[in-house]
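Report on one structure; see the data block that follows.
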Amino acid sequence: MGILNVTPDSFSDGGRFAAVEAALRQAERMLEEGADILDVGGESTRPGAAAVSLDEEMARVLPVIERIHAELDFPISIDTSKPELMREAVAAGAGMINDVNALKAPGAIAVVADAAVPVCLMHMLGQPRTMQTAPQYEEVVADILGYLGRRIAECEDGGIVRERLLLDPGFGFGKTLQHNLALLRDLEAFQALGLPILVGISRKSMLGGVTGRAVDGRLAASVAAAVMAVERGARIVRVHDVAETVDALRVWRAVTDAGVDLN
Ligand code: 9MG
(Lines give C-alpha, C1' and ligand atoms only; values in the text may rest on other atoms or scores of the structure.)
Protein backbone atom coordinates (compact mmCIF):
# COMPACT_ATOMS: atom_id res chain seq x y z
CA MET A 1 0.00 0.00 0.00
CA GLY A 2 1.58 3.27 -1.17
CA ILE A 3 1.02 6.41 0.87
CA LEU A 4 -0.28 9.51 -0.90
CA ASN A 5 -0.62 12.46 1.47
CA VAL A 6 -2.52 15.44 0.11
CA THR A 7 -1.42 18.18 2.46
CA PRO A 8 -1.11 22.00 2.18
CA ASP A 9 2.51 21.56 1.02
CA SER A 10 1.19 19.97 -2.15
CA PHE A 11 -0.78 23.17 -2.92
CA SER A 12 2.06 25.60 -2.34
CA ASP A 13 3.30 25.71 -5.93
CA GLY A 14 0.36 26.33 -8.22
CA GLY A 15 -2.84 25.74 -6.25
CA ARG A 16 -5.26 22.83 -6.17
CA PHE A 17 -5.21 21.95 -9.88
CA ALA A 18 -1.43 21.54 -9.83
CA ALA A 19 -1.74 19.53 -6.63
CA VAL A 20 -4.14 17.09 -8.29
CA GLU A 21 -1.80 16.67 -11.27
CA ALA A 22 1.17 16.12 -8.93
CA ALA A 23 -0.82 13.54 -6.97
CA LEU A 24 -1.71 11.73 -10.19
CA ARG A 25 1.97 11.58 -11.19
CA GLN A 26 2.92 10.26 -7.76
CA ALA A 27 0.17 7.63 -7.99
CA GLU A 28 1.41 6.58 -11.45
CA ARG A 29 4.90 6.15 -10.07
CA MET A 30 3.76 4.03 -7.14
CA LEU A 31 1.64 1.87 -9.43
CA GLU A 32 4.63 1.30 -11.73
CA GLU A 33 6.81 0.49 -8.74
CA GLY A 34 4.46 -2.32 -7.72
CA ALA A 35 2.00 -0.96 -5.19
CA ASP A 36 -1.33 -2.82 -5.10
CA ILE A 37 -3.33 -0.16 -3.22
CA LEU A 38 -3.00 3.61 -2.91
CA ASP A 39 -3.88 5.17 0.46
CA VAL A 40 -5.01 8.79 -0.02
CA GLY A 41 -5.20 11.03 3.05
CA GLY A 42 -5.76 14.74 3.62
CA GLU A 43 -5.23 15.07 7.38
CA SER A 44 -1.94 14.34 9.08
CA THR A 45 -2.11 11.83 11.92
CA ARG A 46 1.39 12.60 13.20
CA PRO A 47 1.69 13.23 16.95
CA GLY A 48 0.72 16.85 17.65
CA ALA A 49 -0.78 17.42 14.17
CA ALA A 50 -3.53 20.04 13.95
CA ALA A 51 -7.08 18.88 13.15
CA VAL A 52 -8.48 19.66 9.69
CA SER A 53 -12.13 20.62 9.07
CA LEU A 54 -14.41 18.29 7.08
CA ASP A 55 -14.73 20.83 4.24
CA GLU A 56 -10.97 21.26 3.96
CA GLU A 57 -10.26 17.53 4.07
CA MET A 58 -12.90 16.90 1.38
CA ALA A 59 -11.49 19.70 -0.81
CA ARG A 60 -8.03 18.17 -0.53
CA VAL A 61 -8.78 14.53 -1.29
CA LEU A 62 -11.95 14.20 -3.37
CA PRO A 63 -10.56 15.77 -6.59
CA VAL A 64 -7.48 13.57 -6.22
CA ILE A 65 -9.52 10.40 -5.79
CA GLU A 66 -11.77 11.30 -8.75
CA ARG A 67 -8.81 11.97 -11.03
CA ILE A 68 -6.84 8.86 -10.08
CA HIS A 69 -9.97 6.70 -10.35
CA ALA A 70 -10.65 8.13 -13.83
CA GLU A 71 -7.08 7.71 -15.08
CA LEU A 72 -5.59 4.62 -13.44
CA ASP A 73 -6.58 1.05 -12.69
CA PHE A 74 -5.38 1.39 -9.09
CA PRO A 75 -7.45 0.38 -6.02
CA ILE A 76 -7.80 3.46 -3.81
CA SER A 77 -8.13 3.53 -0.03
CA ILE A 78 -9.34 6.66 1.75
CA ASP A 79 -7.45 7.45 4.95
CA THR A 80 -9.95 9.30 7.10
CA SER A 81 -11.90 9.09 10.34
CA LYS A 82 -14.79 11.29 9.15
CA PRO A 83 -17.91 9.34 8.11
CA GLU A 84 -19.12 12.02 5.67
CA LEU A 85 -15.82 11.87 3.79
CA MET A 86 -15.85 8.05 3.84
CA ARG A 87 -19.20 8.15 2.03
CA GLU A 88 -18.12 10.79 -0.52
CA ALA A 89 -14.76 9.13 -1.15
CA VAL A 90 -16.40 5.80 -1.94
CA ALA A 91 -18.78 7.60 -4.32
CA ALA A 92 -15.73 9.22 -5.96
CA GLY A 93 -14.01 5.87 -6.53
CA ALA A 94 -12.34 4.71 -3.30
CA GLY A 95 -12.73 0.98 -2.76
CA MET A 96 -11.44 0.76 0.81
CA ILE A 97 -11.47 2.79 4.03
CA ASN A 98 -8.49 3.15 6.34
CA ASP A 99 -9.53 4.57 9.71
CA VAL A 100 -6.92 5.18 12.41
CA ASN A 101 -9.87 5.75 14.77
CA ALA A 102 -11.38 2.29 14.11
CA LEU A 103 -14.83 3.69 13.16
CA LYS A 104 -15.42 5.27 16.57
CA ALA A 105 -16.79 8.54 15.16
CA PRO A 106 -20.59 8.71 15.53
CA GLY A 107 -22.21 7.30 12.38
CA ALA A 108 -19.02 5.79 10.94
CA ILE A 109 -20.07 2.15 11.36
CA ALA A 110 -23.41 2.83 9.63
CA VAL A 111 -21.71 4.58 6.70
CA VAL A 112 -19.29 1.70 6.19
CA ALA A 113 -22.01 -0.94 6.56
CA ASP A 114 -23.88 0.88 3.80
CA ALA A 115 -20.81 1.44 1.59
CA ALA A 116 -19.96 -2.27 1.73
CA VAL A 117 -16.21 -1.82 1.12
CA PRO A 118 -13.28 -3.26 3.12
CA VAL A 119 -12.25 -1.22 6.15
CA CYS A 120 -9.09 -1.22 8.23
CA LEU A 121 -9.63 -0.79 11.98
CA MET A 122 -6.49 0.59 13.61
CA HIS A 123 -5.70 0.77 17.31
CA MET A 124 -4.81 4.16 18.75
CA LEU A 125 -4.49 5.07 22.41
CA GLY A 126 -5.84 8.62 22.84
CA GLN A 127 -5.91 11.16 20.02
CA PRO A 128 -3.09 12.30 17.66
CA ARG A 129 -2.58 15.57 19.58
CA THR A 130 -1.93 13.84 22.90
CA MET A 131 -1.30 10.16 22.18
CA GLN A 132 2.43 10.18 22.83
CA THR A 133 2.07 11.60 26.36
CA ALA A 134 3.15 8.66 28.55
CA PRO A 135 1.08 5.86 26.95
CA GLN A 136 0.53 2.91 29.31
CA TYR A 137 -0.71 -0.66 28.91
CA GLU A 138 -1.06 -3.59 31.26
CA GLU A 139 0.36 -5.81 28.50
CA VAL A 140 0.58 -4.10 25.15
CA VAL A 141 -0.12 -7.05 22.82
CA ALA A 142 -2.94 -8.49 24.92
CA ASP A 143 -4.52 -5.06 25.48
CA ILE A 144 -4.55 -4.24 21.76
CA LEU A 145 -5.83 -7.71 20.85
CA GLY A 146 -8.68 -7.18 23.31
CA TYR A 147 -9.44 -3.73 21.88
CA LEU A 148 -9.52 -4.97 18.28
CA GLY A 149 -11.67 -7.93 19.28
CA ARG A 150 -14.22 -5.52 20.82
CA ARG A 151 -14.16 -3.26 17.75
CA ILE A 152 -14.78 -6.29 15.48
CA ALA A 153 -17.83 -7.21 17.57
CA GLU A 154 -19.18 -3.64 17.48
CA CYS A 155 -18.70 -3.44 13.72
CA GLU A 156 -20.47 -6.76 13.18
CA ASP A 157 -23.32 -5.62 15.46
CA GLY A 158 -23.57 -2.50 13.30
CA GLY A 159 -23.96 -4.47 10.09
CA ILE A 160 -20.41 -4.69 8.73
CA VAL A 161 -19.65 -8.21 7.59
CA ARG A 162 -16.55 -9.67 9.20
CA GLU A 163 -15.01 -10.55 5.82
CA ARG A 164 -14.68 -6.81 5.07
CA LEU A 165 -12.52 -6.06 8.13
CA LEU A 166 -8.75 -5.66 8.32
CA LEU A 167 -6.84 -5.03 11.54
CA ASP A 168 -3.88 -2.83 12.43
CA PRO A 169 -2.11 -2.61 15.81
CA GLY A 170 -1.27 1.05 15.06
CA PHE A 171 2.50 1.42 15.31
CA GLY A 172 3.36 4.79 16.83
CA PHE A 173 -0.19 5.66 17.86
CA GLY A 174 -0.01 5.99 21.64
CA LYS A 175 2.98 3.66 22.05
CA THR A 176 6.48 4.01 23.41
CA LEU A 177 9.47 2.60 21.56
CA GLN A 178 9.33 -0.53 23.74
CA HIS A 179 5.61 -0.99 23.02
CA ASN A 180 6.26 -0.70 19.25
CA LEU A 181 9.15 -3.17 19.35
CA ALA A 182 7.10 -5.68 21.34
CA LEU A 183 4.23 -5.34 18.86
CA LEU A 184 6.48 -6.02 15.89
CA ARG A 185 8.21 -8.91 17.63
CA ASP A 186 4.84 -10.51 18.52
CA LEU A 187 2.83 -9.46 15.47
CA GLU A 188 1.95 -13.11 14.79
CA ALA A 189 -0.33 -13.01 17.83
CA PHE A 190 -2.76 -10.84 15.85
CA GLN A 191 -3.42 -13.73 13.48
CA ALA A 192 -5.52 -15.21 16.27
CA LEU A 193 -8.30 -12.78 15.32
CA GLY A 194 -8.52 -14.45 11.91
CA LEU A 195 -8.51 -11.27 9.80
CA PRO A 196 -5.89 -9.75 7.47
CA ILE A 197 -3.30 -7.60 9.22
CA LEU A 198 -2.18 -4.23 7.86
CA VAL A 199 0.78 -2.38 9.34
CA GLY A 200 2.31 1.05 8.90
CA ILE A 201 5.87 1.44 10.16
CA SER A 202 7.43 3.32 7.25
CA ARG A 203 9.73 6.16 8.40
CA LYS A 204 8.11 6.21 11.86
CA SER A 205 9.82 7.55 14.97
CA MET A 206 10.30 4.04 16.39
CA LEU A 207 12.83 3.54 13.59
CA GLY A 208 14.47 6.83 14.51
CA GLY A 209 14.55 5.62 18.10
CA VAL A 210 16.48 2.50 17.10
CA THR A 211 18.78 3.99 14.43
CA GLY A 212 19.15 7.57 15.63
CA ARG A 213 18.28 8.75 12.11
CA ALA A 214 15.99 11.59 11.02
CA VAL A 215 12.90 10.84 8.90
CA ASP A 216 14.69 11.15 5.54
CA GLY A 217 17.36 8.63 6.62
CA ARG A 218 14.98 5.81 7.61
CA LEU A 219 14.65 3.98 4.27
CA ALA A 220 16.72 0.91 5.16
CA ALA A 221 15.07 0.63 8.58
CA SER A 222 11.61 0.97 7.01
CA VAL A 223 12.27 -1.77 4.49
CA ALA A 224 13.69 -4.09 7.16
CA ALA A 225 10.64 -3.50 9.36
CA ALA A 226 8.28 -4.15 6.45
CA VAL A 227 9.94 -7.51 5.75
CA MET A 228 9.77 -8.46 9.44
CA ALA A 229 6.10 -7.54 9.52
CA VAL A 230 5.28 -9.65 6.46
CA GLU A 231 7.29 -12.53 7.89
CA ARG A 232 5.08 -12.32 10.99
CA GLY A 233 1.86 -12.42 8.99
CA ALA A 234 1.13 -8.86 7.81
CA ARG A 235 -0.81 -8.99 4.53
CA ILE A 236 -0.51 -5.28 3.70
CA VAL A 237 2.33 -2.89 4.52
CA ARG A 238 1.63 0.86 4.24
CA VAL A 239 4.80 2.48 2.91
CA HIS A 240 6.29 5.64 1.40
CA ASP A 241 9.06 3.85 -0.53
CA VAL A 242 7.24 1.41 -2.76
CA ALA A 243 10.01 0.29 -5.13
CA GLU A 244 12.48 -0.57 -2.38
CA THR A 245 9.85 -2.37 -0.29
CA VAL A 246 8.60 -4.38 -3.25
CA ASP A 247 12.17 -5.47 -4.12
CA ALA A 248 12.84 -6.55 -0.55
CA LEU A 249 9.57 -8.48 -0.36
CA ARG A 250 10.31 -10.18 -3.68
CA VAL A 251 13.57 -11.47 -2.23
CA TRP A 252 11.77 -12.57 0.95
CA ARG A 253 9.12 -14.35 -1.13
CA ALA A 254 11.70 -16.07 -3.36
CA VAL A 255 13.59 -17.39 -0.34
CA THR A 256 10.41 -18.42 1.44
CA ASP A 257 9.12 -20.30 -1.61
CA ALA A 258 12.49 -21.82 -2.55
CA GLY A 259 12.44 -25.58 -2.70
CA VAL A 260 8.67 -25.86 -2.34
CA ASP A 261 8.39 -27.73 -5.66
CA LEU A 262 11.54 -29.86 -5.27
CA ASN A 263 9.86 -33.05 -4.14
C1 9MG B 1 -2.91 6.92 8.20
N2 9MG B 1 -1.92 6.14 8.90
C3 9MG B 1 -0.74 6.58 9.43
N4 9MG B 1 -0.09 5.58 10.02
C5 9MG B 1 -0.86 4.47 9.88
C6 9MG B 1 -0.74 3.13 10.27
O7 9MG B 1 0.28 2.70 10.98
N8 9MG B 1 -1.72 2.28 9.95
C9 9MG B 1 -2.81 2.70 9.24
N10 9MG B 1 -3.76 1.80 8.95
N11 9MG B 1 -2.98 3.97 8.83
C12 9MG B 1 -2.02 4.83 9.15
Side-chain angles (χ1 to χ4, degrees), residues 1-7 30 35-52 57 60-61 64-65 75-82 85-86 89 94-105 108 112 117-129 131-132 135 140-141 144 147-148 151-152 155 164-177 179-184 187 190 193 195-209 215 218 221-223 225-226 228-230 232-242 245:
M1 172 184 267
I3 301 170
L4 182 60
N5 288 323
V6 192
T7 59
M30 286 198 261
D36 294 316
I37 306 170
L38 183 70
D39 193 36
V40 179
E43 179 176 33
S44 172
T45 51
R46 276 199 305 267
V52 174
E57 201 178 332
R60 288 180 187 179
V61 299
V64 168
I65 292 173
I76 299 169
S77 155
I78 172 69
D79 153 22
T80 188
S81 296
K82 297 186 176 80
L85 177 51
M86 292 172 187
M96 174 176 168
I97 292 163
N98 174 28
D99 185 3
V100 300
N101 201 30
L103 303 185
K104 282 186 293 183
V112 175
V117 295
V119 58
C120 178
L121 306 173
M122 197 199 77
H123 173 270
M124 168 167 55
L125 187 66
Q127 288 300 311
R129 208 115 34 105
M131 64 191 179
Q132 288 308 105
V140 64
V141 173
I144 295 175
Y147 170 88
L148 291 173
R151 290 310 295 153
I152 294 169
C155 286
R164 294 221 170 86
L165 298 174
L166 298 93
L167 304 175
D168 184 338
F171 287 95
F173 286 81
K175 282 111 187 161
T176 64
L177 174 58
H179 294 144
N180 287 313
L181 294 175
L183 281 173
L184 184 51
L187 195 66
F190 290 87
L193 293 170
L195 291 171
I197 300 165
L198 186 159
V199 300
I201 313 180
S202 179
R203 299 186 188 173
K204 284 196 175 166
S205 67
M206 64 181 279
L207 304 175
V215 172
R218 295 178 189 160
S222 299
V223 171
M228 282 188 277
V230 170
R232 289 161 172 76
R235 294 280 301 278
I236 300 176
V237 282
R238 183 180 181 273
V239 304
H240 300 87
D241 304 291
V242 171
T245 310

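Counting starts at 1 for both ligands and their atoms, following the listed order. Atoms considered below: every heavy atom in the structure, side chains included; atoms not considered: hydrogens, waters and symmetry mates.
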Is there a salt bridge (Lys or Arg N to Asp or Glu O under 4.0 Å) between Arg60 and Glu43? Walk through the geometry before answering. CA-CA 9 Å; Arg60 288 180 187 179; Glu43 179 176 33; over 6 Å; no

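- Nearest non-hydrogen protein atom to atom 7 (O) of ligand 1 is Lys204 NZ, 2.6 Å.
- Distance from atom 8 (N) of ligand 1 to its nearest protein heavy atom, with residue and atom name: Asp168 OD2, 2.6 Å.
- Contact annotation for Ile201 and ligand 1: no heavy atom of the residue comes within less than 4.0 Å of the ligand.
- Checked by distance only, ligand 1 and Asn98 come closer than 3.5 Å through their nitrogen or oxygen atoms.
- One finds no salt bridge joining Asp168 and Arg238 here, because no Lys/Arg side-chain nitrogen approaches an Asp/Glu carboxylate oxygen to under 4.0 Å.
- With a 4.0 Å cut-off on non-hydrogen atoms, Val199 does not touch ligand 1 at all.
- Against a heavy-atom cut-off of under 4.0 Å, Gly200 is close to the following atoms of ligand 1: 6 (C), 7 (O).
- Contact atoms of ligand 1 toward Leu198: 10 (N) (distance under 4.0 Å to a heavy atom of the residue).
- A donor-acceptor contact shorter than 3.5 Å links the side chain of Arg151 to the backbone of Ala102.
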When you look at Asp99 and Lys104, which way does the salt bridge (Lys or Arg N to Asp or Glu O under 4.0 Å) test go after all the steps? CA-CA 9 Å; Asp99 185 3; Lys104 282 186 293 183; over 6 Å; no

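- For the pair Arg218 (side chain) and Arg203 (backbone), a donor-acceptor distance under 3.5 Å is present.
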